[in-house]
Every structure is written in C-alpha cells, then in structure tokens.
Amino acid sequence: MADGDARRALKEDLARFNCRVHQPDDPPLFTREPRSDMQTVLWCWNDLMPLLERVGEAIRIGSGGQRRTLRLANPGLPFGTTHTFWASIQYILPGEVAEAHRHTANAFRFILRGTGCSTTVDGECYEMNEGDLVLTPSMAWHDHVHRGAEPMIWLDVLDISLSRSLHATFFEPYDQGEMQPVGAVPEFSYRAFGSGTLRSPRARHRPGINPLLAYPWPAAEEALERAEGLERDPWDDVILEYQNPVEGGPAMKTLGTQLQKLRPGFHGRARRHTGSKLYCVLRGHGYSEVDGQRYDWGPGDFLAVKPWAWHAHHNDSSEDAVLFVVDDAPALRALGYYREEFQADEGLRADGDNQ
Ligand code: GTQ
Ligand code: FE2
C-alpha cells in the first residue's frame, strides 16, 4: 500500500473508534504563552447610562428569578465579559422585586448608585448602599427588593463562563413565593464576622467557606485610607484585597476582589498575569496602558484586560482615582495555573506562582 493510502486508512480507522492523531492543519496543542480570543475593552459610563435607562423602560422583570441586566459582552468571545466571568449592570426600579433563585455560579454585587434596595442571601437580609460588596456564594438563595425612591444600579459579577466551561451549571427558581423568608437577625454574618479582628467565640462557620457575606463601604474606605501610610506599591500604588476574615485568602473561591487607589502623579510599572481582570472606576480620572495601547478612564467606566497582557496604571490628575478590581486569580491559583511577571526597575522579574 502506498504511504498516503496507509495514512488515510489509519485516519479512517481511528475516526471509526473516536480517536485521532495530530493532523498537519490542526492548531498546536500548546502555545509558548497564553493566547486568548478575549479582547481588552473599555466601556464608558457616558455610553452605558443612557442605554441602562432605555433598558429600564423596555424590559420588565419577569417571574421565575429573572433579572434586568446590561451585560458587558466581550466582542472577542461568544459568552462573557471575560472567558471566566460575566460582569453586568443590574438596574432595578422602585417597587420592583428580583425574585429568589439560586445557581452554582458564585456571584457578587458591588453597589454603584442608589439606596433603598435590600438583598436576602440564604435568609440574611442586607441593605445595599453605594460601595458595598455583597456576596452570593454558589447555591445560596438570593432575591432583591427595592423599597427606595430612585433607580438602583449595581455591578454583578458571576463566574458563569467558568462554571459553564466546566459543564457545572445548575439554576433553580424559588418555588415558594417571590422572596425567601428573612431570618430573625438582620445582617447576621456581618454582625458575627464583619469586624475582621473581633468576633464572637460562639460564632460557627464551615471550614473552607467564607462566612462573611457583606463588606460595607465605610470600613473598606477607611482601610484603604489607612493603607496609604504603607510603602507605595510600584505597580498598584495602594491596593487591598477583600478577604475571608476567618481563614484569610480571597473572599471567594474563584473571583478576586480588590480596592485600589492611584494617587495624583502615580505612574505604575507594568505587569502581566494569567487570567482576566475588570477594573471599575469609582472615582477620579486616569489611564491604563495595555499592550501598548492607552485607555483613558473616568468615573463609571469599566476596563476589561485580557490574559497575559502587559498593563500599567497612571494618574496625571490632581485627585485620587479609586478603582474596584475583579479578577479570576483565586480560580487560577487553586488549579496551579497562576503565573505573573513584573516590570521592575532592574528589568523583568519573572515569578511562577507567587501566591
Ligand atoms: O442578581 O441574581 O447579573 O442571577 C446575572 C444573574 C444577576 C442576580 C446577574 C443573576 C443575577
Ligand atoms: Fe442570581
């Protein structure tokens, strides 16, 4: 048999038994460095706000646990803001209820505008105010009800691209009414675990699970102010990560959340890492350089940074810039896939996993 015929016969036999060998036009199994279809994208608040208002007029919140959200859709991906998470802006009008449901995806909310809306997570009711971070861990029941007077706007992030790629998506609407019953102690987890340094000796928590569901703004802002007294971080200026107060480490298993301040005149060095990131501008103006391109940003803007892209942040203005940062580093670290490189004064400092 000629060589070509033998190869063709082998290929056919392999296919018959659901096997294959590497074909010349197959994409390579490995690349030297991560390659991502995700794009680095900037969303501007001036574009988002009018769209949100239109979405508010056009879309009613249905039953069965539906939400009204504007998703930040990455143009390079079929699904997600990044390949691991969806970031969306939820818009809820006075009197509305986003009915109870639960899902495998871990989620959190970071409140951007408004007051008077509360969320209940596994029976614990939390008021939501600007700057608060509220967690909805995997499979926790949650519903939101707006008793305030103005539209309420918050950032939702779910690790749904990740759970989807792992084929682990479950969703369950609550079937005993619009809202779940509320427990006797409002804001229980915050009262029991929220100070971070003092807690009741009788407060119980399950190992490996962060018992704290809410990180209100006043304490976070105060911590960030206190951190200004530390030595300046050459890459991030002032940066704090939201922590599991009982066991340390990130507040969620898959998603990292940070609060960052870039003071006037700060010019950060570049760094790159595996995994993706979303910056949400809370206050002030500045710009980021990502793989050589400049992105100018101001309050309400969102910048998604693709994996392994060099990025550095700058503040040329005369006021502080404050950013809320989301990444998927905890998920990558848990799997041993986290790597980063820093541009240092002396040149490049390469670190493997520097957890
Ligand atoms: O508020 O529960 O943006 O389930 C996407 C899915 C928000 C929520 C989103 C959700 C929610
Ligand atoms: Fe949800």
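Order of listing sets the numbers, starting from 1, for every ligand and every atom in it. All values below were derived from every heavy atom in this structure, side-chain atoms included, with hydrogens, water molecules and symmetry-related copies excluded.
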Is the closest side-chain donor-acceptor distance between His285 and Ser317 under 3.5 Å?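 No, no side-chain donor-acceptor contact under 3.5 Å.
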
List ligand 1 atoms under 4.0 Å from [X], heavy atoms only on the residue side.
X: Ser88; value: 3 (O)
X: Gln90; value: 1 (O), 7 (C), 8 (C)
X: His144; value: 1 (O), 2 (O), 8 (C)

Would you say Thr69 has any N or O atom under 3.5 Å from an N or O of ligand 1, going by distance alone?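 The answer is no, given that Thr69 and ligand 1 share no N or O pair closer than 3.5 Å.
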
Using the rule side-chain hydrogen bond (donor to acceptor under 3.5 Å, both in side chains), only one of Glu340, His311, Glu341, Gln343 pairs with Arg272; which is it?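 Single side-chain hydrogen bond (donor to acceptor under 3.5 Å, both in side chains) partner of Arg272 among Glu340, His311, Glu341, Gln343: Glu341.
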
Of Tyr215, Trp154, Phe324, which is the lone residue that meets ring pair (Phe, Tyr, Trp, His ring centres under 6.0 Å) with Phe110?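 The ring pair (Phe, Tyr, Trp, His ring centres under 6.0 Å) with Phe110 is passed solely by Phe324 among Tyr215, Trp154, Phe324.
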
Closest approach of any protein heavy atom to [atom], naming residue and atom:
atom: atom 11 (C) of ligand 1; value: Arg67 CG, 3.6 Å
atom: atom 5 (C) of ligand 1; value: Leu158 CD1, 3.4 Å
atom: atom 7 (C) of ligand 1; value: Asp156 OD2, 3.2 Å

Tell me the angle that NE2 of His101 and NE2 of His142 form around the Fe ion (ligand 2), rounded to 10°.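 Computed angle, vertex at the Fe ion (ligand 2), rounded to 10 degrees: 90°.
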
Using salt bridge (charged side-chain N to carboxylate O under 4.0 Å, His left out), reason through Arg294 and Glu289 one step at a time and then give a plain yes or no. CA-CA 5 Å; Arg294 175 173 167 150; Glu289 287 172 304; over 6 Å; no

What is the name of the N/O/S atom in His103 that sits closest to the Fe ion (ligand 2)?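 Of all N, O or S atoms in His103, the Fe ion (ligand 2) lies closest to NE2.
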
Might you confirm whether atom CD of Gln39 has over 12 heavy atoms from other residues, nucleotides or ligands at distances under 6.0 Å?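 More than 12 heavy atoms, drawn from other residues, nucleotides or ligands, come within 6.0 Å of this atom.
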
